[in-house]
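All heavy atoms count here, side chains included; hydrogens, waters and symmetry mates do not. Just so you know, ligand 1 is whichever comes first in the structure, and atom 1 is the first atom listed for that ligand. Computed from a prediction, not measured in an experiment: that's the story for all the values here.
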Amino acid sequence: MATAVFPGSFDPVTTGHMDLIERASAIFDVLIIGVLNNSSKSPFFTIEERVQMLEKLTSGMPGTSVLPFNGLLTDFVKMTGADAIIRGVRSSSDFEYELPLAQANYKLNYKADTLFLAARPEHSYISSSAVKELARYKGDIRGFVPEEVYQFIKQKFDSLDS
Ligand code: PNS
């Protein structure tokens, strides 16, 4: 059974992430969504919130599962026994950032081979950081995130305001 890991911060999950998850899960028998829980990054959404969001969004997708991970991605890949890592690329600057990471990951664990999926053009401007910035200033983030995530973010920002 071909297994892939789709790693990320998912802070929060965007429409672009969901498109990549759907496409990767159509290629692989098993897709493990690895949610980074490294303490050096200070995410806006807790690890529990990010895992919960992804579990809800993938509940109807057979073969997918969601797991938090700490430390190195290559160790997580080793632990899962996955055959590949999936990363999405939106632009040439994404590729420049991703290529050395993929090469370093391969050096650390030859089983951690990275496959890149090209983001669809309609998602190329979407990023989790843009979503957070827009949400902070009450911009309309519908179209950037799935409806479930929109409701979740709205509640979180409303509770911070009150
Ligand atoms: O969604 P992101 O923030 O672009 O995902 C980045 C991620 C999680 C793939 C990357 O930061 C990562 O793999 N972190 C784990 C630590 C690690 O293995 N770093 C690579 C060193 S060569």
### Task
Could you establish whether Gly71 and ligand 1 come within less than 4.0 Å of each other, counting only heavy atoms on the residue side?
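Yes, that is the case, since the closest heavy atom of the residue is under 4.0 Å from the ligand.
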Specify the protein heavy atom at minimum distance from [atom]: its residue, its atom name, and the distance to 0.1 Å.
atom                    : value
atom 10 (C) of ligand 1 : Leu36 CD2, 4.8 Å
atom 19 (N) of ligand 1 : Leu72 CD2, 4.3 Å
atom 6 (C) of ligand 1  : Arg87 NH2, 3.8 Å
atom 3 (O) of ligand 1  : Ser9 OG, 2.6 Å
atom 11 (O) of ligand 1 : Lys41 NZ, 4.0 Å

If you measure every N/O of [X] against every N/O of ligand 1, is any gap under 3.5 Å?
X     : value
Leu73 : yes
Thr74 : no
Tyr97 : no

### Message
With a 4.5 Å cut-off on side-chain heavy atoms, are Lys78 and Thr74 touching?
### Response
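Sidechains of Lys78 and Thr74: no contact.
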### Heavy-atom side-chain proximity of Lys156 to Ile153 below 4.5 angstrom
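No; the side chains remain at least 4.5 Å from each other.
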### Message
Tell me which one of Gln155, Glu147, Lys154 satisfies side-chain hydrogen bond (donor to acceptor under 3.5 Å, both in side chains) with Gln151.
### Response
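Only one of Gln155, Glu147, Lys154 forms a side-chain hydrogen bond (donor to acceptor under 3.5 Å, both in side chains) with Gln151, namely Glu147.
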### Message
Holding to side chain to side chain contact (heavy atoms under 4.5 Å, CB included), I want the full list of residues that pass it with Thr58, two or more places apart in sequence or in another chain.
### Response
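Testing Thr58 for side chain to side chain contact (heavy atoms under 4.5 Å, CB included), a comparison that skips the adjacent residues, returns Met18, Ile21, Ile33, Met61, Thr64, Val66.
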### Query
Under 30°, 30 to 60°, or over 60°: which ring-plane class applies to Phe44 and Phe157, parallel, tilted or perpendicular?
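Ring orientation of Phe44 relative to Phe157: parallel.
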### Task
If a pair satisfies ring pair (Phe, Tyr, Trp, His ring centres under 6.0 Å) and one of its residues is in residues 51-80, list it, with sequence neighbours excluded.
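Counting only pairs at least two positions apart or across chains, the ring pair (Phe, Tyr, Trp, His ring centres under 6.0 Å) contacts touching residues 51-80 are Phe69-Phe76.
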### Message
Between the side chains of Arg87 and Glu98, is the shortest nitrogen-to-carboxylate-oxygen separation below 4.0 Å, so that they form an ion pair?
### Response
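Answer for the salt bridge query: yes.
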